[in-house]
Asks: 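Pasting a structure below so you can have a look.
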Amino acid sequence: QVQLVESGGGLVQTGGSLRLSCAASGRDFRTYNMAWFRQAPGKEREFVASIRRNSGTTIYADTVKGRFTMSRDNAKNTVYLEMNSLTPEDTAVYHCAANRGAILSTIRNPTVYDYWGQGTQVTVSS
């Protein structure tokens with residue numbers, strides 16, 4: 001099992017930047033594929049980015065591509081989401097998630113993730 005705790009959210013103006021962190025406890029962090037999802041009020045949970053456990057390959061939603069960067073530090077059991085050029089449309093609760101066996105074609109589907117953090121609020125003011 002793994003427990004996930006997000007941090008780094010907050011209030012920022014349009015065009016600003018934030019860096020989210022997700023710290024994992026438990027064993028074998030490097031064996032997990034990791035992802036970030038977000039959920040705005042009244043909307044479904046939305047895929048943001050993922051990073052593969054072996055290759056470190058990253059995949060992004062079209063809405064954040066070129067603005068967000070996901071990375072992982074296996075020595076620190078932590079993944080990060082660097083967010084730049086933020087807009088009010090990025091306002092949401094951001095959750096990190098983990099799974100071990102999901103194939104690449106399914107990584108945007110939240111149901112394939114076994115573990116979730118409680119989330120951190122990101123608010124972008126106009």
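Both backbone and side-chain heavy atoms feed into the values below; hydrogens, waters and symmetry mates do not.
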Asks: Which pair of non-hydrogen atoms, one from L4 and one from C22, has the smallest distance, and what is that distance?
Replies: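 Reported closest heavy-atom pair: CB-SG, 3.9 Å.
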Asks: Taking R100's backbone N and O only, do any of them form a donor-acceptor pair with R53's side chain (distance below 3.5 Å, no angle check)?
Replies: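 Answer holds: yes.
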Asks: Using every non-hydrogen atom in the two residues, find where D90 and R38 come nearest and quote the distance to one decimal.
Replies: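 Minimum heavy-atom contact is OD1-NH1, 2.9 Å.
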Asks: Working to the nearest 0.5 angstrom, can you tell me the gap between I107 CD1 and N33 CG?
Replies: 8.0 Å
Asks: OG of S7 to CZ of R19: how many Å apart, nearest 0.5 Å?
Replies: 9.5 Å
Asks: Which atom names give the shortest non-hydrogen contact between Y60 and V64, and what distance separates them?
Replies: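 Taking every non-hydrogen atom into account, CB-CG2, 4.1 Å.
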Asks: Are F29 and V79 close enough that some pair of their side-chain heavy atoms sits under 4.5 Å apart?
Replies: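 The answer is yes, as the side chains (C-beta and beyond) meet within the 4.5 Å cut-off.
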Asks: If you measure from CG on N109 to CZ on F47, what distance do you get to the nearest 0.5 Å?
Replies: 11.0 Å
Asks: What are the two closest heavy atoms between G119 and V93, and how far apart are they?
Replies: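 The pair with the smallest heavy-atom distance is CA-CG1, 3.8 Å.
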Asks: Within the distance-only criterion (no hydrogens, no angle test), does the side chain of E6 pair as donor or acceptor with the backbone N or O of C96 below 3.5 angstrom?
Replies: yes
Asks: Which distance, rounded to the nearest 0.5 Å, do you find between the CG of L18 and the CD of E82?
Replies: 8.5 Å
Asks: Check for a donor-acceptor pair, side chain of T14 on one end and backbone N or O of S125 on the other, with a separation under 3.5 Å.
Replies: yes
Asks: Any side-chain to backbone donor/acceptor pair from S55 onto R52? Under 3.5 Å, distance only.
Replies: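 Between the backbone of R52 and the side chain of S55 there is no qualifying donor-acceptor contact (under 3.5 Å).
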Asks: Can you say whether the rings of F37 and Y113 are parallel (under 30°), tilted (30 to 60°) or perpendicular (over 60°)?
Replies: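 The arrangement is perpendicular - the two ring planes meet at more than 60°.
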